[in-house]
Amino acid sequence: MVRRIASQVHQQVSRLMRGKYIKEQPVWYQAVLDYPPLPLPPKAPPSRTEYDQQVKSTQTTRPKRYDPKPLPIVYLEDKIRRQFFRDHPFEAFRPTTLVEGGAIEDPNAIQGEAWTRLSQRGRNPTPEDAVSFTRNLYEYHKKPLSEAYATAIAQFRALRSEHQIATTFAVMEAEYLGAIFSKGEIEHAFDKEVRRLATFERREEFDEGAIAARKRWKAIIDKTEGVKDWSKGQEYVKLWKAGVRPSYAPRLTQPIEAAPTPERSPDLMKLETTAAVA
């Protein structure tokens with residue numbers, strides 16, 4: 001059977017049945033006649049692109065090379081946020097929660113033209129509040145972006161300064177009334193550093209003791225008695241002219257004498273033990 005479209009299968013079967021090529025009627029034939037399939041929509045001609053269109057100009061231009069990379073997606077908030085953290089890098093170190101709630105937070109009621117001061121959303125603004133306020137001034141109050149950013153940053157710094165001063169005085173008042181605060185992460189880091197520096201001092205003492213223990217050999221100096229003044233080499237020249245050969249190390253030139261056999265010394269450990277018992 002020639003390959004047909006799905007909506008034309010029953011028509012082809014009808015022709016085959018009339019030509020006696022199919023002896024028995026298929027089971028599905030009557031159902032398809034009662035409920036024929038929907039006809040397919042007419043096929044639209046493919047749209048011509050700029051590459052296969054005829055160039056009207058006389059100059060021959062080469063088609064542009066297809067670039068599969070997507071176009072960059074840029075938002076105004078990203079530009080403002082990048083500049084904000086470039087001017088305030090330590091704001092990125094402030095702790096924030098990343099826990100998502102059960103529902104999306106409702107937008108603040110103060111926005112649009114009604115939002116003229118950053119303090120309308122609280123006395124302790126976040127960096128995102130400053131970014132949103134800058135965009136609000138730029139879009140709804142028709143201020144230039146640089147002027148809107150400068151206004152938002154000035155109000156942000158003023159509110160943060162007020163909050164810092166109020167927090168400092170609140171802590172001083174609480175400490176005066178007897179409150180005791182636990183150490184923060186910075187104090188814990190300082191304590192660890194002090195303990196680590198103390199180990200450096202003990203290690204230096206151990207190193208000095210090891211160096212002193214390695215100095216087991218000492219120089220043996222043969223001190224000659226009777227000669228205390230420097231003769232400026234006259235005595236040496238006198239002996240040299242007389243042909244007397246000087247001896248600088250008599251212990252090495254003299255023959256070794258047999259050492260007398262020492263008497264057996266008492267057991268010091270036994271004496272110490274006896275003294276301790278007594």
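Numbering starts at 1 and runs along the sequence shown. Quantities reported herein were computed from a predicted structural model and do not represent experimental measurements.
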Legend entry - Between Q120 and R117, a side-chain donor and acceptor under 3.5 Å: no
Legend entry - Qualifying salt bridge (charged side-chain N to carboxylate O under 4.0 Å, His left out) pairs with a residue from residues 139-148, counting only residues at least two apart or across chains: R135-E139
Could you tabulate the donor-acceptor pairs under 3.5 Å formed by side-chain atoms of residues 181-191, not counting sequence neighbours?
residue	atom	partner	partner atom	Å
K183	NZ	D191	OD2	2.8
E187	OE1	G184	N	3.1

Inset, instruction - To the nearest 0.5 Å, tell me how far T96 OG1 sits from E128 CD. - result: 9.0 Å
Legend entry - Shortest non-hydrogen separation from V131 to E77 and the atoms involved: CG1-O, 3.9 Å
Inset, instruction - Identify the heavy atoms of G112 and H141 that sit nearest to each other, and give their distance. - result: O-NE2, 3.7 Å
Inset, instruction - To the nearest 0.5 Å, tell me how far R81 CZ sits from T134 OG1. - result: 10.5 Å
Inset, instruction - Without swapping roles, check the side chain of R123 against the backbone of L159 for a donor-acceptor pair under 3.5 Å. - result: no
Inset, instruction - Indicate, with yes or no, if the rings of F156 and F84 have centres closer together than 6.0 Å. - result: yes
Legend entry - Residues E235 and K238 bridged, charged N to O under 4.0 Å: no
Inset, instruction - Check the side chains of D129 and T126 for a donor-acceptor pair under 3.5 angstrom, ignoring hydrogens and angles. - result: yes
Legend entry - Non-hydrogen atoms of A152 and A130 that approach each other most closely: CB-O, 3.9 Å
Legend entry - Heavy-atom closest contact (Y138 atom, P144 atom, distance): CD1-C, 4.1 Å
Legend entry - Co-membership, hydrophobic cluster, residues Y21 and W28, 4.5 Å side-chain: yes
Legend entry - Interatomic spacing from OG in S14 to CD in Q8 - rounded to 0.5 Å: 12.0 Å
Legend entry - Check: H10 and P37 side chains under 4.5 Å, non-hydrogen atoms: yes
Inset, instruction - May I ask you to test the Y149-D87 pair for a side-chain heavy-atom distance under 4.5 Å? - result: yes
Inset, instruction - Would you mind reporting whether V74 and K79 have side-chain heavy atoms less than 4.5 Å apart? - result: no
Legend entry - Sidechain-backbone polar pair: S161 side chain, R157 backbone, donor-acceptor under 3.5 Å: no
Legend entry - Heavy-atom donor-acceptor pair, T199 side chain to R196 backbone, under 3.5 Å: yes
Legend entry - Derivation of the side-chain hydrogen bond (donor to acceptor under 3.5 Å, both in side chains) call for D34 and Y29: CA-CA 9 Å; D34 296 339; Y29 181 73; over 6 Å; no
Inset, instruction - Drop me the distance from L145's CG to L137's CG, to the nearest 0.5 angstrom. - result: 10.0 Å
Inset, instruction - Enter the distance from M17:CE to K23:NZ here, rounded to the nearest 0.5 Å. - result: 11.5 Å
Legend entry - Rounded distance (nearest 0.5 Å) linking atom CZ of R160 with atom OG1 of T167: 10.0 Å
Inset, instruction - Any pair with a residue in residues 108-133 that passes ring-ring contact (aromatic ring centres under 6.0 Å, His included), sequence neighbours left out, goes on the list, sorted by first then second residue, please. - result: W115-F133
